[in-house]
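We count residues from 1, following the sequence as given.
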Amino acid sequence: MLPTIAILGRPNVGKSTLFNRLAGRKIAIVDNTPGVTRDRKEAETRIAGRPVRLLDTAGLEEAAPETIQGRMRASSEAAVRESDLVLFVVDARAGLTPADRAFGAWLRRQTVPVILVANKTEGRLGGYAAMEAYELGLGDPVAVSAEHGDGLGELHDAVREHLPEEAEPADDAERPLRLAIIGRPNAGKSTLLNALLGEERMITGPEPGLTRDSVAVEWTDPTGGKVRLVDTAGLRKRARIEQALEKMSTAASIAALKECEVAILVVDALLGMDEQDLRLARLAEREGRGVVLAFNKWDAVEDRAATRRRLDDVLTASLAQLRGLPVVPLSAQTGRGVETLMPAVRAAYALWNRRVPTGELNRWFEAMLTRHPPPLADGRRIKLRYATMPKARPPTIAVFGTRAEQLPEDYRRYLVNGFRETFAVPGVPIRLNLRGTSNPYAEAEG
């Protein structure tokens, strides 16, 4: 029997949009009018590479049992009782409402595990808006934009951690590493997949766009175990995507990226890394994926030292959020250097899973504060108290303190870069969540 996941929340927070996004197709009707969904809808889909049964429920509202709204609520509550996991959705843009708090308190009394999903967090300040959801006492909110597809990778990871153990092998070594090959058209992605498998599995050629859909291959890597390898269609600039078929191919490629654990970004060494390659790397970072850069067609490069310097300059100037990104020069056509790719992928995967004990983390944190104290915010002192690491995949640091949420961007980068260097986690995304205190005595300090 498939694990059941129910999507819950008050009306118009984006439940049906999230349902359609996770289901991979438009099943539920979506509209800005509250209360469009009245009956439960369900779909079988895959989340984090695992089959699940997904339920879209009616909006939770306070209402008398005999009314339509009351019967809708009863149906939603019944869905919770038969579920293995609940995704409780709130609207981060609108902020918490009394209804959110009431239903959050009700969910805390239930026995089913809950993932708090802060929806509508698109834009630069979206992640900050999600911080208010901590008040519900349901753990760390997962910031997503169901409409735009942002944050779905972290939601997949959270779901995997909360599903019943019997739904997945207990031994991590038995579970395949989920790996996606991404890049521009004609960079050599399918040729690289064939080189890794040792067979002509994918059609290849000089014509760009031969691969039109994401193709998954189960494979055993001799150096590291099982791998679920997905070759994707080449991703072009959005302005150049015109045909409906290519739009579907692009959507499938982005979906594969959101579901993977590590992405291999294939770059044509003869052309160098351009803005589209950087966009793909940033997308992988935003989704919290580990990244390895495969610098393909290396055998055809004449001045290798100059080419590598240009690549390093681009990575330093334009991809600071993945500082230390591993680069593997290779030739997918001849196979030269391909043998070094999977060890680099496994190393990136290990760093992506890295957890630092709380004691060790706080010793580092105190040293960082001593070396460079936080600046004032509006003339008032920011007092950072302690840090924890609530999750890995990717490494995530939660910092607590008075006015912590007002910490400026350059100090946030200082903490992230210091963590990366001290604990040797190059090239993987690092999340920094800031939580201020509402203690009135703390507010009076400084």
Side-chain angles (χ1 to χ4, degrees), residues 49 153 176-198 201-202 204 210-211 213-235 250 252-269 271-274 276-298 311 314-315 319 322 324-353 393-394 426-429:
L177 166 65
R178 289 180 291 118
L179 184 62
I181 302 177
I182 62 174
R184 285 181 285 160
N186 220 32
K189 299 182 298 300
S190 296
T191 306
L192 178 58
L193 184 143
N194 289 342
L196 289 169
L197 297 181
R201 178 64 179 263
M202 301 295 293
T204 62
L210 282 176
T211 301
D213 199 358
S214 295
V215 179
V217 179
E218 298 286 343
W219 169 58
T220 300
D221 168 25
T223 65
K226 295 180 181 178
V227 179
R228 186 175 187 271
L229 189 59
V230 179
D231 181 28
T232 66
L235 291 170
T250 299
S253 298
I254 293 175
L257 175 59
K258 292 176 186 296
E259 286 201 13
C260 76
E261 294 167 321
V262 179
I264 298 175
L265 174 57
V266 183
V267 174
D268 187 329
L271 300 177
M273 194 163 189
D274 76 352
Q276 179 65 357
D277 295 314
L278 291 171
R279 285 194 190 98
L280 292 172
R282 290 175 189 134
L283 175 61
E285 189 276 336
R286 193 164 65 244
E287 289 299 326
R289 309 298 91 184
V291 182
V292 174
L293 196 155
F295 212 33
N296 191 27
K297 308 181 185 180
W298 189 243
L311 174 65
V314 171
L315 294 177
L319 212 58
L322 287 174
L325 176 72
V327 178
V328 181
L330 54 82
S331 169
Q333 188 70 45
T334 67
R336 189 166 185 177
V338 172
E339 73 282 355
T340 63
L341 181 59
M342 285 309 297
V345 166
R346 294 285 178 184
Y349 178 72
L351 293 176
W352 187 68
N353 278 281
R393 307 168 68 91
V428 298

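Applying the side chain to side chain contact (heavy atoms under 4.5 Å, CB included) criterion to Leu351, with sequence neighbours excluded, gives Val425, Pro426, Val428. Take Ala284 and apply the side chain to side chain contact (heavy atoms under 4.5 Å, CB included) test, not counting sequence neighbours, and it matches Leu257, Arg289, Val291. Among residues two or more places apart in sequence or in another chain, the salt bridge (Lys or Arg N to Asp or Glu O under 4.0 Å) test is passed with Glu287 by Lys258. With sequence neighbours left out, the side-chain hydrogen bond (donor to acceptor under 3.5 Å, both in side chains) criterion links Arg336 to no other residue. Take Asp277 and apply the side-chain hydrogen bond (donor to acceptor under 3.5 Å, both in side chains) test, not counting sequence neighbours, and it matches Arg184. Partners of Ala344 by side chain to side chain contact (heavy atoms under 4.5 Å, CB included), not counting sequence neighbours, listed by chain and number: Val292, Val328. Considering only residues two or more places apart in sequence or on other chains, Gln333 meets the side-chain hydrogen bond (donor to acceptor under 3.5 Å, both in side chains) condition with none of them. With sequence neighbours left out, Thr340 forms a side-chain hydrogen bond (donor to acceptor under 3.5 Å, both in side chains) with no residue at all. Residues passing the ring pair (Phe, Tyr, Trp, His ring centres under 6.0 Å) test with Trp298, sequence neighbours excluded: Phe295. Residues passing the side chain to side chain contact (heavy atoms under 4.5 Å, CB included) test with Arg282 are Glu275, Leu278, Ser318, Leu319, Gln321, sequence neighbours excluded.
One distance of note links CG of Leu280 with CD1 of Ile182; it measures 5.0 Å at 0.5 Å rounding. One distance of note links CG of Leu341 with CG of Leu196; it measures 5.5 Å at 0.5 Å rounding. One distance of note links CG of Leu179 with CD1 of Ile264; it measures 4.0 Å at 0.5 Å rounding. In this structure, NZ on Lys189 lies 10.0 Å from CG on Asn296, to the nearest 0.5 angstrom.
The shortest non-hydrogen separation linking Gly427 to Pro326 is CA-CD, 4.3 Å. The shortest heavy-atom contact between Glu261 and Pro176 is OE1-O, 4.1 Å. Closest of all the heavy-atom pairs between Ala195 and Ala332 is CB-O, 3.7 Å. Minimum heavy-atom separation, Leu265 to Ala281: CD2-CB, 3.9 Å.
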Q.
Applying side-chain contact (heavy atoms from CB on, under 4.5 Å) to Val327 and Leu315, what does each step give before you reach the verdict?
A. CA-CA 10 Å; Val327 178; Leu315 294 177; 3.9 Å; yes
Item to complete: Run the numbers on Leu229 and Leu193 for side-chain contact (heavy atoms from CB on, under 4.5 Å), then give the verdict.
Response: CA-CA 8 Å; Leu229 189 59; Leu193 184 143; 3.9 Å; yes
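Listed by first and then second residue, the salt bridge (Lys or Arg N to Asp or Glu O under 4.0 Å) pairs that reach into residues 339-348 are Asp221-Arg346, sequence neighbours excluded.
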